[in-house]
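Working notes for the structure below.
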Amino acid sequence: MTAREEKFTRQTVLEVQPLAPGLFTLRTTRDQGFRFRSGQFARLGVGKADGSTVWRAYSMVSSPYDEFLDFFSIVVPGGEFTSELSRLQEGDTLLVDKQSFGFLTLDRFGDGRDLWLLATGTGVAPFISILQDFEVWERFERIILVYSAREGRELAYQPLIAELGQRDHLAEYAHKLQYIPVVTREEHPGALHGRITTLIANGELERTAGLALTPEHSRIMLCGNPQMIHDCRALLKQRDMQLSLTRRPGQVAVENYW
Ligand code: FAD
């Protein structure tokens with residue numbers, strides 16, 4: 001056994017579900033020793049035809065208490081990793097690094113009243129994990145999930161988001177969550193239309209939430225498209241909201257997907 005082999009486990013694909021063209025969800029078994037905080041990511045490995053293995057970062061969608069691991073993936077045309085991942089079927093093997101990684105967790109914030117979770121595309125993955133974990137519901141008074149996709153059919157996990165508040169242990173907290181879907185390329189019933197950055201700049205997001213973004217009360221997590229994250233950070237900075245760092249606590253935590 002090589003040193004590298006000892007760093008990962010082999011997990012079995014339990015289910016693959018196509019969502020929309022170029023998007024799918026994947027469930028695998030979970031090694032009992034694999035521990036993570038909700039919001040963290042795994043490093044996943046798939047074998048290529050030439051015998052080599054390619055590794056990529058993937059946020060867990062499932063909660064740290066689930067016995068399985070859920071992932072939500074894009075298919076990048078010609079993408080080295082996703083071309084292989086999207087070929088996997090039930091019973092196939094996926095490599096999972098034994099360690100979990102990442103700082104997009106509630107540990108970034110020591111305080112705050114309102115938690116804003118702003119995602120584009122597959123960037124919703126860590127937020128679904130966070131929302132399936134009990135801690136967030138206890139810590140925050142309001143939780144606003146803002147999930148942007150290009151088309152309405154690309155919005156994943158809609159039934160799961162809708163039934164979160166009906167889970168027995170979360171029922172008394174259900175009123176805390178407000179879900180604001182955003183669709184950029186078409187009008188979609190029940191969703192805001194436009195980019196998240198535009199909706200922040202023109203005040204529509206806050207009007208819809210019925211809540212202001214303020215340094216005192218808001219804690220904001222951004223995940224997905226690096227351009228969205230860059231532009232949102234600039235907008236939030238104008239309002240005195242900054243990245244939360246160990247040496248300087250702030251209001252904003254981010255995860256760039258590329
Ligand atoms: P790559 O060569 O890696 O990427 C090619 C190009 O595709 C990129 O330059 C970018 O323009 C685009 N791209 C890559 N990833 C995405 C994406 N997710 N959405 C839209 N465009 C993209 N991807 C997921 O699908 N789900 C996840 O949960 C996820 N979690 C991540 C967590 C972290 C911390 C990081 C850094 C990345 C994450 N990614 C996630 C991206 C993932 O690691 C790969 O980039 C993705 O699987 C594409 O791999 P590839 O080899 O096919 O293409």
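As the structure lists them, so they are numbered: ligands from 1, and atoms in each ligand from 1.
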Hey, are Asp70 and Ser62 close enough side-chain-wise for a donor-acceptor pair under 3.5 Å? no
At under 4.0 Å between heavy atoms, which part of Tyr58 makes contact with ligand 1: side chain, backbone, both or neither? both
Which bit of Ile74 is near ligand 1, meaning a heavy atom under 4.0 Å away: side chain, backbone, both or neither? both
I need the nearest protein heavy-atom contact for atom 21 (N) of ligand 1: residue, atom name and distance, please. Trp258 CZ3, 3.3 Å
Identity and separation of the nearest protein heavy atom to atom 43 (O) of ligand 1: Ala57 O, 2.8 Å
Determine whether the side chain, the backbone, both or neither of Asn256 has a heavy atom under 4.0 Å from any heavy atom of ligand 1. backbone
Just let me know how Tyr257 lines up against ligand 1, side chain, backbone, both or neither, with a heavy-atom cut-off below 4.0 Å. both
Determine, step by step, whether Arg150 and Glu186 satisfy the salt bridge (Lys or Arg N to Asp or Glu O under 4.0 Å) criterion, reporting the C-alpha distance in whole Å, the side-chain angles of both residues, the deciding distance to 0.1 Å, and the verdict. CA-CA 7 Å; Arg150 292 172 307 181; Glu186 62 183 13; over 6 Å; no
What's the shortest distance from atom 50 (P) of ligand 1 to any protein heavy atom, and which residue and atom give it? Phe81 N, 3.6 Å
Per-atom contacts, ligand 1 versus Phe41 - under 4.0 Å to a heavy atom: 34 (C)
Among Ile, Leu, Val, Met, Phe, Trp and Tyr joined by side-chain contacts under 4.5 Å, find the other residues sharing a cluster with Val75 and list them by chain and number. Val13, Val16, Phe24, Leu26, Phe34, Phe36, Leu44, Val46, Val54, Tyr58, Met60, Leu69, Phe71, Phe81, Leu85, Leu88, Leu94, Val96
Got a salt bridge between Arg37 and Glu135, using NZ or NE/NH1/NH2 to carboxylate O under 4.0 Å? yes
Test your reading of the structure: does Val76 have an N or O sitting under 3.5 Å from an N or O of ligand 1? no
Worked verdict on Ile180 versus Leu145 for side chain to side chain contact (heavy atoms under 4.5 Å, CB included): CA-CA 6 Å; Ile180 306 181; Leu145 173 65; over 6 Å; no
Identify, by atom number and element, the atoms of ligand 1 in contact range of Thr122, meaning under 4.0 Å from any of its heavy atoms. 17 (C), 18 (N), 19 (N), 24 (C), 25 (O), 26 (N)
Around atom 52 (O) of ligand 1, find the nearest protein heavy atom and jot down its residue, atom name and distance. Thr82 OG1, 2.6 Å
Sequence neighbours excluded, which residues qualify as salt bridge (Lys or Arg N to Asp or Glu O under 4.0 Å) partners of Asp50? none
Do Arg195 and Gln227 make a side-chain contact, defined as non-hydrogen atoms from C-beta onward lying under 4.5 Å apart? no
Against heavy atoms of Phe72, which atoms of ligand 1 measure under 4.0 Å? 24 (C), 25 (O), 26 (N), 27 (C), 28 (O)
For atom 44 (C) of ligand 1, which of the options Met60, Glu84, Arg56, Glu255 provides the nearest non-hydrogen atom? Arg56
How far does OG1 of Thr12 sit from CG of Asp92, to the nearest 0.5 angstrom? 9.0 Å
Atoms in ligand 1 with a heavy atom of Glu80 nearer than 4.0 Å: 50 (P), 51 (O), 52 (O)
Looking at Arg113 and Glu216, does any basic side-chain N land under 4.0 Å from a carboxylate oxygen? no
For the pair Tyr173 and Trp137, name the ring-plane relationship: parallel under 30°, tilted 30 to 60°, perpendicular over 60°. tilted
Just heavy atoms, cut-off under 4.0 Å: does Phe71 contact ligand 1 by side chain, backbone, both, or neither? neither
Does any N or O atom in Ala125 lie less than 3.5 angstrom from one in ligand 1, N or O only? no
